[in-house]
Q: 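Dumping the structure here so I can ask a few things about it.
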2 protein chains.
Amino acid sequence: MQEREIRAFVTIADARRMDRAAQQLGYSQPAISYQIKCLEKSLRTKLFERTPEGVRLTDSGRRMLPTAREMLALMERMKRISGVGGNTGVGGNTGIDGVASELDHLLSEGAGAPSSTPR
Amino acid sequence: MQEREIRAFVTIADARRMDRAAQQLGYSQPAISYQIKCLEKSLRTKLFERTPEGVRLTDSGRRMLPTAREMLALMERMKRISGVGGNTGVGGNTGIDGVASELDHLLSEGAGAPSSTPR
DNA sequence: AAACCTTACGGCTTACGTAAGGATA
DNA sequence: TATCCTTACGTAAGCCGTAAGGTTT
C-alpha cells in the first residue's frame, strides 16, 4: 500500500474518470490504471467498476473511501510535522524545528507528483 | 511513503534495534536500514539516531510516531474492510468512526511481510 | 468516429539479500 | 572481540510512458 495508490484512489473517486485523475496527478492514464490495479490486487478487492463513461465505485470501494481520505490526511500531517510540506529545503536541514501548524487537508504537493506538470 | 516504511519505523521504535525489528518483519537487517533511509529521505528528516546499542528516536521521530501508529491502524482497517486482514467481515462492519490507534505490529501478513520468501 | 479504459513492451528506477566495512565499548 | 548499523554490489521486481487493443455509444 503506497501513498500514490491511495492518492490515485481518492482522486479517481472524486473525478469519476481515470484520465482526468491522471491529468490532475501528472501521470499518464495507463499509469493511473496500473496504480489502481496494484491497490486492488493488494486489497484483493475491486474498487471501481469500469464503464464507457468512466468509472464507478464498487460497494467495497465506497466503504474504503473515507478511510483512504483519513490516510491521506495523516500523511500530509506527517509531512507537515517533518517540515516537508511546501518548503523546498535547499540544504542544512537539521530536523529540529518548531513546526506545529495545525492546518488540515490543504496542500497536497511536496513530493507527490513525479514530473512533467503541463499546466 | 509506503506501508512497509511506516511499519519499519514503528517496529524499530518499539524494539529500539534495527536488527530485531528486521527479524520481526522478516527482512534482512540492511533492508530495514534501507527502508528507514528512504522514509527519512522522503520526509527530509532524521528519525533515529544510530548508536552502538541500537537506535534512539530523534525529536522529529518522536513527534511523528503517534501519527505513524495511526496510519498503521488505518491501513489495517482498510484491509479488514476489504477482507484481507484475517477477518472476512461479511456483516455490517462499516468501520466509520474516529481515528483509533489500536495494536500496532501484530499480524503483518496478508500482503505485507515477505516472510521467508527470498527472491 | 469518439471517449475511456486495459494490455503490451522497452527502459529506467527501486528493493532486497549477501558480503564487506565502520563505529563504539 | 562483540554488537549493531551502513555501504557496496548484483539481481529481481516494480513503475512509467508510448503504442496498440477493447468496448460502448
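So that the names make sense, note that chain A is the first sequence line, chain B the second, and so on, each numbered from 1.
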Q: For the pair Arg7(A) and Glu76(A), find out whether any cationic side-chain nitrogen is under 4.0 Å from an anionic carboxylate oxygen.
A: yes
Q: Is Glu5(B) touching bases, backbone alone, or none of the nucleic acid, heavy atoms closer than 4.0 Å?
A: nothing
Q: Determine, for nucleotides 18-25 of chain C in 5'-to-3' order, which nucleotides have protein heavy atoms under 4.0 Å from the base (write B), from only the sugar-phosphate (write S), or from neither (write -).
A: BB----S-
Q: For Glu53(A), which residues count as a side chain to side chain contact (heavy atoms under 4.5 Å, CB included) partner, sequence neighbours excluded?
A: Thr51(A)
Q: Does a nitrogen or oxygen in the side chain of Tyr34(A) sit under 4.0 Å from OP1 or OP2 of dC16(D)?
A: no
Q: Determine the contact category for Glu49(B): base if any of its heavy atoms lies under 4.0 Å from a base atom, sugar-phosphate if only primed atoms, P, OP1 or OP2 are that close, otherwise nothing.
A: nothing
Q: Would you mind reading off the distance between Leu47(A) atom CG and dC5(C) atom P, rounded to a whole angstrom?
A: 15 Å
Q: May I have the distance from Met1(A) (atom CE) to dG14(D) (atom P), rounded to whole angstrom?
A: 16 Å
Q: To the nearest 10°, give me the bend of the helix from dA1(C)-dT25(D) to dA25(C)-dT1(D), comparing the axes of its five terminal pairs at either end.
A: 20°
Q: Measure the spacing between CZ of Arg20(B) and CD of Gln23(B) and express it to the nearest 0.5 Å.
A: 7.0 Å
Q: In sequence, state the C-alpha distance, the side-chain angles, and the governing distance for Arg50(B) and Ile36(B), and then conclude on side-chain contact (heavy atoms from CB on, under 4.5 Å).
A: CA-CA 12 Å; Arg50(B) 280 72 165 172; Ile36(B) 283 298; 3.7 Å; yes
Q: Quick one: which of dC4(D), dA15(C), dC4(C) gets closest to the side chain of Arg17(A)?
A: dC4(C)
Q: Side chain of Met18(A), heavy atoms from C-beta onward: which of dT6(C), dC5(D), dA15(C) has the nearest atom to it?
A: dT6(C)
Q: Which residue pairs satisfy the ring-ring contact (aromatic ring centres under 6.0 Å, His included) criterion with at least one member in residues 59-78 of chain A, sequence neighbours excluded?
A: none
Q: Which pairs count as salt bridge (Lys or Arg N to Asp or Glu O under 4.0 Å) when at least one residue sits in residues 27-38 of chain B, sequence neighbours excluded?
A: none
Q: Nearest whole angstrom, please: distance from the P of dT24(D) to the CZ of Arg56(A).
A: 13 Å
Q: Minimum heavy-atom separation for Ile32(B) to Leu25(B), with atom names?
A: CD1-CD1, 3.9 Å
Q: Atom CG in Leu72(A), atom CD in Glu3(A): separation rounded to 0.5 Å?
A: 7.0 Å
Q: According to side-chain hydrogen bond (donor to acceptor under 3.5 Å, both in side chains), does anything in residues 8-18 of chain A pair up with another residue at least two apart or in another chain? List the pairs.
A: Asp14(A)-Arg69(A)
Q: May I have the distance from Phe48(B) (atom CZ) to dT6(D) (atom P), rounded to whole angstrom?
A: 10 Å
Q: Could you tell me whether Arg4(A) contacts a base, only the sugar-phosphate backbone, or nothing, with contacts defined as non-hydrogen atoms closer than 4.0 Å?
A: sugar-phosphate
Q: What is the separation between atom CD1 on Ile36(A) and atom P on dT7(C), rounded to the nearest whole Å?
A: 14 Å
Q: Under 4.0 Å between a side-chain N or O of Lys37(B) and OP1 or OP2 of dC5(D)?
A: no
Q: Specify the separation, in whole Å, of atom OH of Tyr27(B) and atom P of dC5(D).
A: 17 Å
Q: Write down the atom of Ser82(B), the atom of Leu43(A), and the distance for their closest heavy-atom approach.
A: OG-O, 3.1 Å
Q: Between Arg20(B) (CZ) and dC5(D) (C1'), how many Å, whole number?
A: 15 Å
Q: For Ile32(B) and dA15(C), what is the distance between atoms CD1 and C1' respectively, to the nearest whole Å?
A: 12 Å
